[in-house]
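Computed from heavy atoms alone, side chains included, the values below leave out hydrogens, waters and symmetry copies.
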Amino acid sequence: LARLYLRWKKYDLANKHIKKYLTFSLSKTHSGYAHFVQGKVYSRLQMWEEAEKSFRKSYKEIKLSSSKTLAERAAEKSKSN
């Protein structure tokens, strides 16, 4: 559901649903993917520090290479702001 809200540019609803989803007991795969989506929401809101943290959690749990790349990009943007 959060991905759908992300596509519709309803970032507040996407963030609300992804936070709710993360409160459940999830496998590492599901948790890692949820942190990845949360990072995407934060990056769209230009909340670079939070995005970096979410992408790093995602990478730690599922080793998704794009998570690492996006975390580094968010870190660069947070330093420039």
Side-chain angles (χ1 to χ4, degrees):
L1 196 55
R3 288 181 55 203
L4 188 61
Y5 286 130
L6 193 60
R7 184 179 297 161
W8 289 342
K9 298 181 181 180
K10 296 183 182 225
Y11 306 125
D12 55 336
L13 289 173
N15 197 22
K16 174 183 164 188
H17 283 278
I18 205 70
K19 282 183 179 181
K20 179 70 173 177
Y21 183 69
L22 284 167
T23 61
F24 298 117
S25 177
L26 303 170
S27 68
K28 282 193 172 246
T29 304
H30 288 108
S31 177
Y33 184 70
H35 284 293
F36 180 80
V37 173
Q38 187 178 40
K40 295 291 269 182
V41 171
Y42 286 141
S43 65
R44 300 262 174 99
L45 293 171
Q46 297 184 356
M47 300 170 72
W48 304 116
E49 292 176 10
E50 290 86 353
E52 180 187 3
K53 288 177 189 174
S54 293
F55 286 132
R56 292 207 188 275
K57 284 181 187 175
S58 173
Y59 182 74
K60 182 179 178 184
E61 292 178 2
I62 59 175
K63 302 296 185 211
L64 187 64
S65 62
S66 59
S67 294
K68 186 176 183 180
T69 305
L70 290 170
E72 291 167 357
R73 198 175 299 160
E76 289 173 13
K77 289 186 180 187
S78 71
K79 288 179 184 177
S80 67
N81 287 341

- Hey, quick one: are L13 and L1 part of the same hydrophobic cluster, counting side-chain heavy atoms closer than 4.5 Å, chains of contacts allowed?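 They do share one cluster, since a chain of ILVMFWY contacts under 4.5 Å joins L13 to L1.
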- Message: If hydrophobic clusters are built by linking Ile, Leu, Val, Met, Phe, Trp and Tyr wherever their side-chain heavy atoms come under 4.5 Å apart, do Y42 and Y11 end up in the same one?
- Response: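 The answer is yes; both residues are in one hydrophobic cluster.
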Nearest heavy atoms of [X] and [Y], plus distance in Å:
X: S67; Y: S58; answer: OG-OG, 2.9 Å
X: I62; Y: K28; answer: CG2-O, 3.5 Å
X: E52; Y: A71; answer: CG-O, 3.6 Å
X: A34; Y: L22; answer: CB-CD2, 3.5 Å
X: L64; Y: Y59; answer: O-CD1, 3.2 Å
X: W48; Y: S43; answer: CH2-O, 3.5 Å

- Message: So does A51 get a backbone contact from the side chain of S54, meaning a donor-acceptor N/O pair under 3.5 Å?
- Response: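 No, S54 side chain to A51 backbone: no donor-acceptor pair under 3.5 Å.
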- Is the NZ or CZ atom of K53 positioned over F55's six-membered ring, under 6.0 angstrom from the centre and within 45° of the axis?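 Ring-cation test returns no.
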- Message: If you count heavy atoms of other groups shown closer than 6.0 angstrom to CD of E49, is the number above 12?
- Response: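 Atom CD in E49 is not packed in, count stays at 12 or less.
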Calculate, to the nearest 0.5 Å, the distance between atoms [atom1] and [atom2] belonging to [X] and [Y] respectively.
X: R3; Y: F36; atom1: CZ; atom2: CZ; value: 9.5 Å
X: K60; Y: K63; atom1: NZ; atom2: NZ; value: 8.5 Å
X: L6; Y: Q38; atom1: CG; atom2: CD; value: 11.5 Å
X: S31; Y: Y21; atom1: OG; atom2: OH; value: 8.5 Å
X: S78; Y: Q46; atom1: OG; atom2: CD; value: 12.5 Å
X: D12; Y: Y5; atom1: CG; atom2: OH; value: 9.5 Å

- Message: As a quick check of understanding, evaluate side-chain contact (heavy atoms from CB on, under 4.5 Å) for L4 and K10, giving each step before the final call.
- Response: CA-CA 9 Å; L4 188 61; K10 296 183 182 225; over 6 Å; no
